[in-house]
Number of protein chains: 2
Amino acid sequence: MAYAISVLSGRWKLSILGFLLDNGKLRYGELKRKLIGISEKMLINQLKELEKDGLINRIAHPEVPPRVEYGLSDKGKTLEDILLLMSNWGTKNADNRIKT
Amino acid sequence: MAYAISVLSGRWKLSILGFLLDNGKLRYGELKRKLIGISEKMLINQLKELEKDGLINRIAHPEVPPRVEYGLSDKGKTLEDILLLMSNWGTKNADNRIKT
DNA sequence: TCAGGTACTAACAAAAAAGTTAGAAATGCG
DNA sequence: CGCATTTCTAACTTTTTTGTTAGTACCTGA
């Protein structure tokens with residue numbers, strides 16, 4: 001459990017993984033648009049950590065303007081069941097709650 | 001997903017839930033012994049938040065010295081699948097890692 | 001009488017995470 | 001030429017989280 005916690009903790013990581021699971025590859029800018037409220041610093045930061053932990057792949061296309069795509073790695077895909085369960089659990093239980 | 005994140009994020013929460021899942025009810029002091037490295041402040045703090053979010057129950061026995069037991073609530077028990085998956089995933093993937 | 005055990009609480013300090021703002025590189029296009 | 005586009009970087013500040021230390025309440029049993 002400790003390892004899972006260390007790799008998945010971070011305010012946006014599960015959301016990022018969830019979006020990549022749903023959408024396949026996403027560009028930096030697409031992620032930024034989906035992750036409402038995230039700052040660029042945090043987005044880069046979380047992506048870097050996820051990449052370092054081997055959960056996502058970063059594919060940079062040598063173009064101008066730059067195009068960088070992110071997608072789940074094989075290791076990241078093994079989180080699929082967990083991500084889906086969490087998402088469903090949240091949907092079921094997020095009823096009478098005031099957002100913090 | 002956002003709700004799940006908001007309720008489960010916290011350095012010790014998943015560990016606490018995991019121990020309660022494995023052991024049923026646990027006393028404050030038992031939790032403290034299992035959660036190696038936690039401070040009393042954090043333990044209380046995380047327990048309070050978990051209780052507030054309805055994931056655990058706090059049962060205080062009116063004795064001296066005091067005895068307080070914590071256990072998963074019905075809502076907390078619905079996290080069982082997720083907790084088990086995460087734990088298994090961690091075990092499988094925590095191979096070549098240096099603890100931060 | 002008085003130390004012992006248990007589950008906390010409070011006040012302050014340190015550390016970590018997150019927000020903010022400014023800007024860089026590279027090239028196509030008008 | 002100079003502006004727009006896209007993906008970042010860096011420096012600095014603020015906020016949040018965590019650590020530390022000290023102490024409380026209560027009954028029991030020696």
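First the proteins, then the strands, lettered A, B, ... as listed; each starts at 1. Values below: every heavy atom of this structure, side chains too, minus hydrogens, waters and symmetry copies. Keep in mind the model is a prediction, meaning the values are calculated, not measured.
In the region residues 8-36 of chain A, proximity to DNA chain C at under 4.0 angstrom, judged on heavy atoms, holds for A/Arg11.
A donor-acceptor distance shorter than 3.5 angstrom exists from the side chain of B/Lys75 to the backbone of B/Asp53, with no hydrogens or angles considered.
Take B/Arg33 and apply the side-chain contact (heavy atoms from CB on, under 4.5 Å) test, not counting sequence neighbours, and it matches B/Glu30. Checked against side-chain contact (heavy atoms from CB on, under 4.5 Å), A/Asp81 has the following partners two or more places apart in sequence or in another chain: B/Leu85.
Contact annotation: A/Lys48 reaches the phosphate of D/dT9 (side-chain N/O to OP1 or OP2, under 4.0 Å). Checking the phosphate oxygens (OP1, OP2) of C/dG19, a side-chain nitrogen or oxygen of A/Ser39 falls inside 4.0 Å.
Distance B/Glu69 CD to C/dT6 P: 14 Å, rounded to the nearest Å. In this structure, B/Arg58 places its CZ atom 8 Å from C1' of C/dA7, rounding to the nearest Å. One atom, CD of B/Glu49, and another, P of D/dT16, lie 13 Å apart when rounded to the nearest Å. Rounded to whole angstrom, the span from the CZ atom of B/Arg67 across to the P atom of D/dC27 amounts to 17 Å. Put simply, CG on B/Asn45 is 15 Å from C1' on D/dT20, counting in whole angstrom units. Computed from coordinates, the A/Ile59 CD1 to D/dT7 P distance equals 13 Å when rounded to whole Å. Rounded to whole Å, the distance from NE2 on A/His61 to P on D/dC8 is 11 Å. Across the protein-nucleic acid pair, B/Ile38 atom CD1 and D/dT18 atom P stand 10 Å apart, rounded to whole Å.
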Contacts under 3.5 angstrom, residues 61-69 of chain B side chains, donor-acceptor by atom type, not counting sequence neighbours:
unit_1  : atom_1 : unit_2  : atom_2 : d
B/His61 : NE2    : B/Glu69 : OE1    : 3.0
B/Glu63 : OE1    : B/Arg67 : NE     : 3.3
B/Glu63 : OE2    : B/Arg67 : NH2    : 2.9

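The shortest distance between side-chain heavy atoms of A/Leu26 and A/Tyr70 does not fall below 4.5 Å. Side-chain contact check for A/Met86 versus B/Leu8: some heavy-atom pair is nearer than 4.5 Å. At a threshold of 4.5 Å between non-hydrogen side-chain atoms, the residues A/Ile56 and A/Ser73 do not count as touching.
The side chain to side chain donor-acceptor pair (under 3.5 Å) pairs that include a residue from residues 39-51 of chain B are B/Lys13-B/Glu49, B/Lys32-B/Glu40, where partners are two or more places apart or lie in different chains.
For the pair A/Pro65 and A/Met42, both in contact range of DNA chain C, the more 5′-proximal nearest nucleotide belongs to A/Met42.
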Shorter than 3.5 Å, N or O on both sides, protein versus nucleotides 23-25 of chain C: list them out with atom names.
none

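For the side chain to side chain contact (heavy atoms under 4.5 Å, CB included) with A/Leu79, the qualifying choice from A/Leu55, A/Leu21, A/Val7 is A/Leu55, the only one to do so.
When the nucleotides C/dC8, C/dA18, D/dC26 are ranked by their closest atom to the side chain of A/Gln46, C/dA18 comes out on top. The side chain of B/Lys41 lies closest to D/dT18, out of D/dT18, C/dT20, C/dG5.
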